[in-house]
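Remember, it's 1-based here, ligands and their atoms both numbered in the order they're listed.
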Amino acid sequence: MAVYQTNSVGIVGSGIMAAGIAEVSARAGLRAVLRARSQDSLNAALKQITSGLNRQVEKGKLDTAERDRILSNITTTTELAGLADCDIVIESVIEDLATKQELFRQLDVTIKPTALLATNTSTLSVVDMAKVTSRPDQVCGIHFFNPATVLPLVEIVRPITASEDTITRASAFVTTIGKEGVHVLDRAGFIVNALLFPYLNNAIRMLEAGTASMEDIDTAMKGGCNFPMGPFALLDLVGLDTSLSILETLYASFADDNFAPRPMLRDLVAAGRLGRKTKAGFYVY
Ligand SMILES: NC(=O)c1ccc[n+]([C@@H]2O[C@H](COP(=O)([O-])OP(=O)(O)OC[C@H]3O[C@@H](n4cnc5c(N)ncnc54)[C@H](O)[C@@H]3O)[C@@H](O)[C@H]2O)c1
C-alpha cells in the first residue's frame, strides 16, 4: 500500500461546517485552504473562526500565540484551482446532490491525482458523488458533527467504490486531527442521523399535536434523558434547511413515516427561518 502524508486539507464551502473543519485541521498543524465562491463569504467564515478563538483566549483556554498559529495555518481562495496542491479535499456545501455532483466533477479535474476527495454530506449517497469522478476509488465520506470544533465524532463513510487505501487514509486523517472515527457503510443517514432524525421529526409532530410546548419538550429531553440540548434547540443548531434535506433523503431511502418531514418544518424553511444561522428558527435568537 502506498503511504500518503496529509499536510494540507482543502475545504469547499464557507458555512458553519466548512469553517469548523478548517479550524480543527489548522489546530492540528495542517495547512487548511478554505474555498468559497465569494470573498465576502470567506471573510465571514474567517470572522466566525477568529471570534470563536478569541472567546477561548478570553476564557483562558487558549493563548494568543496558539490562536495566531491556528489562524496562520488557514488560507482562503475563491478558485477551485487554489486547492490543486491539497492532499485531501473535503466538500461541505449545501446539502443538494446536483450541486455536490457538479463540484465533484470540477474538483476531479482540478485537484492532484493522488488527492483524496471527501464529502461532509449528512445523508446523501456518497457513491452518487464518487461515480461522477474519474477516481471513484479515492472518494469517501468524512462526516463531522456540529460544532465540528467541539464534537469528537467523525463518521468515515465507505461507498462501495472506495478502496481500502482510501478508508485507511481517511481514518489516519481523522486521527491526526484528534477526532474519534467510526466506520459505516454508505446508507442514508449513516449511523447518527439515521437514529437522530426520527426523534427530531417526532418532536415536531408532538408540538404540532399540541401535546406540550416547545420549551417543555426541550426541558423534558434535557432533564429526563440527560441530553445536552432539547430537540428544537438542536434543530435550530443544525439548520432547518439542512434538517429538511436530511429528512427528505431519509424518507426517499427508507419510505418510513418517521422520516416524512413535518409540515411545521417545511413552513419555517419556506419563511426563511433556518435556525441560529438566520437568527430565528423554532426559537428567536
Ligand atoms: N449543519 C450541521 O449540523 C451539519 C453537520 C454535519 C454535516 N453537515 C453537512 O455539511 C454541509 C454544509 O452544511 P452547513 O450546515 O455548513 O451549511 P450552511 O448553510 O452553513 O453552508 C452552506 C454552504 O454552501 C454554499 N453553497 C450554497 N449553494 C451553493 C452552490 N450552488 N454551489 C456551491 N456552494 C454553495 C454556501 O455558500 C455555504 O458556504 C451539508 O452537506 C450538510 O449536510 C451539516
Side-chain angles (χ1 to χ4, degrees), residues 10-24 33-49 52 76-80 83 89-107 110 117-126 128-129 140-157 174 179 181-182 184 186 188-197 200 228-229 231-250 261 265 269 272-279 281:
I11 302 114
V12 188
S14 55
I16 326 171
M17 295 307 294
I21 298 167
E23 184 184 323
V24 292
V33 188
L34 199 53
R35 185 270 177 185
R37 294 168 298 171
S38 79
Q39 192 58 47
D40 282 353
S41 22
L42 287 169
N43 292 343
L46 279 180
K47 195 170 159 206
Q48 180 192 323
I49 296 170
T76 62
T77 178
T78 53
E79 305 297 328
L80 287 181
L83 309 177
V89 174
I90 304 173
E91 162 289 308
S92 188
V93 302
I94 189 172
E95 185 77 343
D96 173 69
L97 183 60
T99 305
K100 289 185 190 287
Q101 282 180 320
E102 183 49 34
L103 199 51
F104 268 62
R105 271 188 209 100
Q106 293 174 20
L107 285 167
T110 312
L117 192 42
T119 172
N120 182 40
T121 181
S122 301
T123 38
L124 295 170
S125 156
V126 180
D128 280 345
M129 291 170 232
C140 69
I142 299 183
H143 181 220
F144 289 79
F145 289 82
N146 185 8
T149 49
V150 177
L151 294 189
L153 187 71
V154 173
E155 290 177 326
I156 298 157
V157 184
V174 168
K179 296 290 182 190
V182 290
V184 56
D186 184 21
F190 315 128
I191 299 173
V192 173
N193 287 335
L195 294 175
L196 176 65
F197 271 84
L200 295 177
M229 53 174 60
F232 297 102
L234 182 53
L235 282 158
D236 278 352
L237 177 72
V238 169
L240 301 191
D241 52 340
T242 302
S243 298
L244 179 58
S245 302
I246 291 171
L247 283 165
E248 279 171 340
T249 306
L250 286 165
L265 180 62
V269 172
R273 290 180 63 141
L274 307 183
R276 277 180 182 270
K277 61 188 169 186
T278 56
K279 311 266 183 262

Could you check Phe104 against Val89 for side chain to side chain contact (heavy atoms under 4.5 Å, CB included), going step by step and ending with a plain yes or no?
-> CA-CA 10 Å; Phe104 268 62; Val89 174; over 6 Å; no

Do any pairs count as a salt bridge (charged side-chain N to carboxylate O under 4.0 Å, His left out) and have a residue in residues 37-49, sequence neighbours left out, and if so which ones?
-> none

Do you know the tightest heavy-atom contact between Thr78 and Arg35?
-> O-NE, 3.5 Å

With a 4.5 Å heavy-atom cut-off, do Asn146 and Leu237 have their side chains touching?
-> yes

Not counting sequence neighbours, list each pair that qualifies as a side chain to side chain donor-acceptor pair (under 3.5 Å) and has a residue in residues 231-247.
-> Asp236-Tyr285, Asp241-Lys277

Using heavy atoms and a strict 4.0 Å limit, residues surrounding ligand 1 turn out to be Gly13, Ser14, Gly15, Ile16, Met17, Arg37, Ser92, Val93, Ile94, Glu95, Thr99, Lys100, Asn120, Thr121, Ser122, His143, Phe144, Asn146, Val238, Thr242, Lys277

Tell me, please, which residues at least two apart from Leu97 pass side-chain contact (heavy atoms from CB on, under 4.5 Å).
-> Gln101, Leu124, Asp128, Met129

